[in-house]
Amino acid sequence: MTESTQVRTRIAPSPTGDPHVGTAYIALFNYVFTKKNRGKFILRIEDTDRTRARHDSEKAIMESLQWLGLNWDEGPEKGGPYGPYRQSERKEIYQEHAIKLLEKGEAYRCFCTPERLAELRKHNKGRGTGYDGKCRNISPEESQKKADAGEAFTLRLKMETQGESVFTDELRGQVTRPYSELDDQIILKSDGYPTYHLANVVDDHLMKITHVIRAEEWIPSTPKHVRLYEAFGWQQPKWIHMPLLRNKDKNKTKISKRKNPVSLIYYKEAGFLAPALVNFLALMGFNYGEDIEKFTVPEMVEKFSFEKVSLGGPVFDVDKLKWLNGLYIREMDEEKLLDSIQEIWLNREYFKQLIPHVQKRMNNLNDFIDKTHFFFTSSLDYKTKDGKRLVPKSRDPKEMVKLFNEIAGKIDGLESFSIANLEQMLRTLTEEKEWKIKEVFMPVRIAISGQKASPPLFESMHLLGKERLRARLREAANFVEKRPTYFR
RNA sequence: GGCCCUAUCGUCCAGCGGUAAGGACAUCGGCCUCUCACGCCGAAAACCGGAGUUCGAUUCUCCGUAGGGUCACCA
């Protein structure tokens with residue numbers, strides 16, 4: 001196989017939050033397809049949004065992908081022939097390319113203010129941003145003059161105005177979209193950073209990506225990318241859009257942390273094995289054949305073909321994941337299993353953090369287990385005397401469901417997951433609601449520990465960890481929601 | 001709302017013009033068993049609707065319908 005035809009794929013996560021199960025899903029299919037074709041799989045960090053990109057997030061994404069065994073051939077830290085692999089380090093490259101388009105007349109400077117654009121958007125009728133092309137006809141001289149005078153501007157790509165855009169999705173065939181739907185896209189922001197569209201296309205080309213395997217949500221903007229390839233005079237890669245993972249709710253909406261744990265860290269901390277999770281993800285859309293559902297990544301590589309991928313949005317149903325995980329656990333040898341169990345929570349370091357909070361509460365060494373068991377169980381039994389306190393007499397079940405979900409939602413908004421911030425958040429919330437302290441703190445205590453007597457609340461929440469804390473609050477909300485009469 | 005994508009048991013997948021529509025999870029029943037779990041056996045459970053093409057449509061085409069996605073100086 002020659003250099004020019006070698007398959008090259010990439011996973012391009014944006015480091016703006018916890019490592020997402022959807023990222024792992026797409027990475028898996030990229031990985032498997034690449035291995036099948038003896039190609040190269042690249043990790044590229046898309047951190048052009050300076051207000052949202054976070055370094056710890058980037059690190060967590062890499063660790064999670066490694067945990068799952070989805071290792072990349074080229075990427076940040078690791079390097080490779082087409083680096084750097086972090087978009088924030090490629091700013092000049094995008095600017096050079098954007099200028100090329102400006103010189104070719106494929107792009108132009110837009111001096112419109114964000115305010116004006118917001119105004120236009122209000123009145124748009126299905127035509128993208130509703131941008132009216134005001135700056136498209138400014139003469140190059142005039143444009144240059146304004147720029148030299150220091151006026152802020154963005155760069156926009158000239159889109160076609162007539163006809164329709166057509167591209168081939170390898171899984172669905174031709175996808176067409178009328179050009180009237182697409183207006184001139186901003187490719188360079190006024191801060192000099194590129195938007196996703198520009199950075200993505202430039203990088204994919206420069207990194208010699210042959211197959212763009214990404215989520216279905218990108219289909220509507222693919223015509224923009226195609227236009228960019230045309231404007232540069234480059235050859236397009238193959239387009240492959242995978243279906244979107246869905247929530248288990250009635251409508252099967254795109255998977256979201258509101259309704260489903262989506263962080264890979266959660267799955268690891270909740271005791272799922274990497275091979276089981278990967279296997280489960282593979283089942284979402286891929287059919288191994290011969291009615292076989294349990295298989296390893298190498299086995300999947302062996303059988304893989306995009307013809308075996310179905311397009312209906314698969315519901316991420318943890319029940320089946322649990323069953324699969326059980327299968328993997330049962331086949332582990334005892335030593336390995338023991339190691340794995342100790343690795344997650346039953347380790348000395350974790351116990352050490354627990355000790356200071358329970359020592360005063362212990363009379364007997366065995367009390368340690370009584371006082372801390374909720375740090376280790378995967379789910380709690382609220383059908384107890386204490387459990388009834390999930391809903392205070394002065395509040396009704398609905399209010400509590402809302403409260404628990406609200407808190408779960410706010411956990412992510414914290415600048416950092418610290419004891420002080422947790423306390424601050426709960427106190428503020430209590431004040432906003434004008435509830436009594438005990439109407440909030442006690443139910444939360446029950447929600448996370450199942451008991452009315454527990455180690456200190458905020459410390460416990462912190463020790464539980466962000467992911468399990470959120471899951472537990474959701475669990476409590478579900479319990480109350482399903483059995484409102486239980487609390488009468 | 002405009003545009004785009006999708007459509008088989010509750011859920012995940014088979015089926016690629018002729019089948020008693022198959023497997024798995026979950027559910028229910030039974031066996032095993034000191035309990036539970038595992039394991040094994042069994043039950044119940046689906047082709048969104050309407051036209052067209054065809055000798056024959058779950059399968060091909062079109063139209064509905066439904067669900068999803070997307071419409072940012074976010075990715």
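Atom set for the values below is all heavy atoms of this structure, side chains included, hydrogens, waters and symmetry mates excluded. Residue numbering restarts at 1 for every chain, and letters A, B, ... go by the order of the sequence lines.
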More than 12 heavy atoms of other residues, nucleotides or ligands under 6.0 Å from NZ of Lys238(A): yes or no?
no

Which of these, Lys100(A), Lys158(A), Arg227(A), sits in a salt bridge (Lys or Arg N to Asp or Glu O under 4.0 Å) with Glu106(A)?
Arg227(A)

N/O donor-acceptor pair, side chain Arg330(A) with base C38(B), under 3.5 angstrom:
no

Would you indicate what Gly326(A) reaches in the nucleic acid, counting non-hydrogen atoms under 4.0 angstrom: base, sugar-phosphate, or nothing?
nothing

Kindly indicate whether a cation-pi arrangement holds for Lys36(A) with Phe304(A), taking the cut-offs as under 6.0 Å to the six-membered ring centre and within 45° of the axis.
no

Which part of the nucleic acid, if any, lies within contact of Pro114(A), taking any heavy atom under 4.0 Å across all strands shown: a base, the sugar-phosphate backbone alone, or nothing?
base

What do you reckon, is NZ of Lys145(A) surrounded by more than 12 foreign heavy atoms closer than 6.0 Å?
no

For A75(B) and Lys189(A) - does any side-chain N or O of the residue sit under 4.0 Å from the phosphate oxygens OP1/OP2?
yes

Would you indicate what Thr176(A) reaches in the nucleic acid, counting non-hydrogen atoms under 4.0 angstrom: base, sugar-phosphate, or nothing?
sugar-phosphate

Cation-pi geometry met for Lys322(A) and Phe280(A) (6.0 Å, 45°)
no

Side chains of Tyr266(A) and Asp18(A): do they bring a donor and an acceptor to under 3.5 Å?
no

OP1 or OP2 of U70(B) versus the side-chain N and O atoms of Lys254(A): is any pair under 4.0 Å?
yes

Between Asn287(A) and A14(B), is there a side-chain N or O to OP1/OP2 distance below 4.0 Å?
no

Quick one: label Pro13(A) by what it contacts on the DNA or RNA (base, sugar-phosphate, nothing), any heavy atom closer than 4.0 Å.
nothing

With a non-hydrogen cut-off below 4.0 angstrom, is Ser310(A) in contact with a base, only sugar-phosphate, or nothing?
sugar-phosphate

Given the structure, check if the side chain of Ser190(A) and the base of C73(B) hold any donor-acceptor pair shorter than 3.5 Å.
yes

Sugar-phosphate only, base, or nothing, as touched by Thr51(A) at under 4.0 Å among non-hydrogen atoms:
nothing

What nitrogen or oxygen pairs link the protein and nucleotides 20-23 of chain B at under 3.5 Å?
unit_1	atom_1	unit_2	atom_2	d
G23(B)	N2	Glu293(A)	OE2	3.3

When the ring centroid of His205(A) is compared with that of Tyr82(A), is the distance short of 6.0 Å?
no

Is any side-chain nitrogen or oxygen of Thr195(A) closer than 4.0 Å to OP1 or OP2 of A75(B)?
no

Under 3.5 Å for both donor-acceptor distances, Watson-Crick or wobble: does C48(B) have a partner, and if so which one?
G64(B)

Can you tell me the base-pairing partner of C40(B)? Count Watson-Crick or G-U wobble geometry only, both distances below 3.5 Å, and say none if there is no partner.
G30(B)

